[in-house]
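Below, each value reflects all heavy atoms present in this structure, side chains not excepted, and no hydrogens, waters or symmetry copies. Fair warning: this is a prediction, and the values are worked out from it, not measured in the lab.
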Amino acid sequence: MRIVIANQKGGVGKTTTAVNLSAALALMGDRVLLVDADSQANASIGVGLVNRTPNLYHALIGLADVREAIYPTEVKGMDCLPSSPDLIGVDAELKGMGGWEYRLRDLLRGLDYDWVIIDTPPSLGTLTILSLTAADRVIIPVQAEYYALEGLGQLLETLKYVINLLNPRLELMGVLVAMYDKRVRLAREVYEELRRYFGDKLFRSVIPRNVKLAEAPSFGKPGVVYDPSSRGAIAYMELAKEIKYAKVKSAR
């Protein structure tokens with residue numbers, strides 16, 4: 001299954017979720033590919049892959065076979081297709097290709113993984129469209145704060161556009177509350193509002209605001225590896241179980 005982590009709002013935990021969900025699923029014994037589709041390359045940095053060539057950019061524009069651009073991480077069973085600042089210019093280069101919207105989907109076709117997790121930039125531009133077109137499911141991370149629903153309407157409209165015109169199999173897997181602080185009354189109130197709005201599309205797992213998760217990227221490690229006993233790591237392991245169980249249940 002291919003899952004894209006998307007929200008055009010920055011600072012909501014997209015990359016942290018992509019990296020730690022990938023690692024958590026791998027720790028549970030699955031084969032996982034993390035795809036870094038953000039030119040900031042934070043997901044790549046978060047698994048210790050810096051300035052690797054070839055990378056996603058080279059695969060997208062046809063300068064390298066996608067398998068040459070995939071690298072192992074220190075987590076057994078978890079590989080990464082890393083990013084590069086060169087992805088900033090991929091928009092102009094891809095738009096000249098026929099069927100450019102399907103370029104990432106076609107690259108990922110035939111790769112042998114149980115899960116492909118795609119991190120996206122904080123925008124609804126070319127890289128996000130490529131990622132949504134390549135995916136089966138979408139996870140939307142949000143913070144439990146006053147502006148949590150800001151921009152979600154635009155994102156949901158983009159999902160409808162992609163489903164109707166490019167990728168009819170795409171579905172919303174769920175909304176994930178991240179960087180949550182239950183001590184803050186506003187956070188609790190916003191969480192309840194999200195639960196009323198999204199119902200069973202709101203994940204039961206909630207990711208707390210956690211120092212260890214924030215520290216981990218500076219060591220090039222997912223938080224679930226850097227400090228497995230931290231509250232953040234435990235929460236991501238619970239999320240991985242929730243997602244894996246949902247997949248098994250839907251396959252019956």
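Side chains of Trp115 and Ile243 form a contact here, defined as non-hydrogen atoms less than 4.5 Å apart. Residues Tyr180 and Val177 have side chains in contact (heavy-atom distance under 4.5 Å, counting atoms from C-beta outward). At a threshold of 4.5 Å between non-hydrogen side-chain atoms, the residues Leu132 and Asn167 do not count as touching. Side chains of Tyr191 and Leu202 form a contact here, defined as non-hydrogen atoms less than 4.5 Å apart. At least one side-chain heavy atom of Leu108 sits under 4.5 Å from a side-chain heavy atom of Ile118. Within the 4.5 Å cutoff, the side chain of Met179 has no heavy atoms near those of the Val12 side chain. Looking only at side-chain heavy atoms (C-beta outward), Val224 and Leu27 come within less than 4.5 Å of each other. Residues Leu127 and Leu130 have side chains in contact (heavy-atom distance under 4.5 Å, counting atoms from C-beta outward).
The salt bridge (Lys or Arg N to Asp or Glu O under 4.0 Å) pairs that include a residue from residues 224-238 are Glu238-Lys241, where partners are two or more places apart or lie in different chains. Sorted by first and then second residue, the pairs that involve residues 1-15 and meet side-chain hydrogen bond (donor to acceptor under 3.5 Å, both in side chains), not counting sequence neighbours, are Lys9-Glu145, Thr15-Asp119. The salt bridge (Lys or Arg N to Asp or Glu O under 4.0 Å) analysis of residues 185-195, with sequence neighbours excluded, yields the pairs Arg185-Glu189, Glu192-Arg195. Applying the salt bridge (Lys or Arg N to Asp or Glu O under 4.0 Å) test to every pair with at least one member in residues 124-136, sequence neighbours left out, gives these pairs: Asp136-Arg169.
Residues Ile163 and Phe198 are members of one and the same hydrophobic cluster, defined by side-chain heavy-atom contacts under 4.5 angstrom among Ile, Leu, Val, Met, Phe, Trp and Tyr. Hydrophobic clustering (ILVMFWY, side-chain heavy atoms < 4.5 Å, transitive): Val211 and Ile234 are in distinct clusters. Residue Ile88 is not grouped with residue Trp100 when hydrophobic side chains (ILVMFWY) are merged at heavy-atom distances under 4.5 angstrom, including chains of intermediate members. In terms of hydrophobic clustering, with Ile, Leu, Val, Met, Phe, Trp and Tyr side chains grouped at heavy-atom distances under 4.5 Å, Met237 and Phe203 are assigned to a common cluster.
In the model, Asp36 has a side-chain atom that pairs as donor or acceptor with a side-chain atom of Ser44 under 3.5 Å. Side-chain contact annotation: Ser39 with Tyr57, donor-acceptor N/O pair under 3.5 Å absent.
By the salt bridge (Lys or Arg N to Asp or Glu O under 4.0 Å) test, Asp79 pairs with Arg31, sequence neighbours left out. For Phe219, the ring pair (Phe, Tyr, Trp, His ring centres under 6.0 Å) partners are Tyr226, not counting sequence neighbours. For the side-chain hydrogen bond (donor to acceptor under 3.5 Å, both in side chains) test, residues two or more places apart in sequence or in another chain that qualify with Ser205 are Glu242. Applying the side-chain contact (heavy atoms from CB on, under 4.5 Å) criterion to Asn51, with sequence neighbours excluded, gives no partner residue. In this structure Tyr161 satisfies the side-chain contact (heavy atoms from CB on, under 4.5 Å) test together with Leu165, Leu166, sequence neighbours excluded. Scanning for salt bridge (Lys or Arg N to Asp or Glu O under 4.0 Å) contacts around Lys212 gives Glu215, with sequence neighbours left out.
Applying the 6.0 Å contact sphere to NZ of Lys201 captures more than 12 heavy atoms from other residues, nucleotides or ligands.
Other residues sharing a hydrophobic cluster with Ile45 under the 4.5 Å side-chain heavy-atom criterion for ILVMFWY residues are Val50.
Interatomic distance, CG of Leu81 versus CG of Leu111, reported as 8.5 Å (0.5 Å rounding). Taking CG of Asp38 as the start and OG of Ser83 as the end, the distance is 6.0 Å to the nearest 0.5 Å. Within the model, atoms OG1 of Thr17 and CG of Leu176 stand 5.0 Å from one another, a figure rounded to the nearest 0.5 Å. Here the CG-CG distance, from Asn210 to Asp181, works out to 11.0 Å after rounding to the nearest 0.5 Å. With rounding to the nearest 0.5 angstrom, the CG atom of Leu87 is 6.5 Å from the CG atom of Leu60.
A pairwise comparison of heavy atoms in Cys80 and Val47 identifies SG-CG2, 4.0 Å as the closest pair.
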Return all side-chain donor-acceptor pairs below 3.5 angstrom for residues 61-75, not counting sequence neighbours, or 'none' if the list is empty.
from  : atom 1 : to     : atom 2 : distance (Å)
Asp65 : OD1    : Arg67  : N      : 2.8
Glu68 : OE1    : Asp65  : N      : 3.4
Tyr71 : OH     : Thr53  : O      : 3.2
Tyr71 : OH     : Pro54  : O      : 2.7
Thr73 : OG1    : Val75  : N      : 3.2
Thr73 : OG1    : Val75  : O      : 3.4
Thr73 : OG1    : Met78  : O      : 2.8
Glu74 : OE1    : Lys221 : NZ     : 3.1
Glu74 : OE2    : Lys221 : NZ     : 3.1

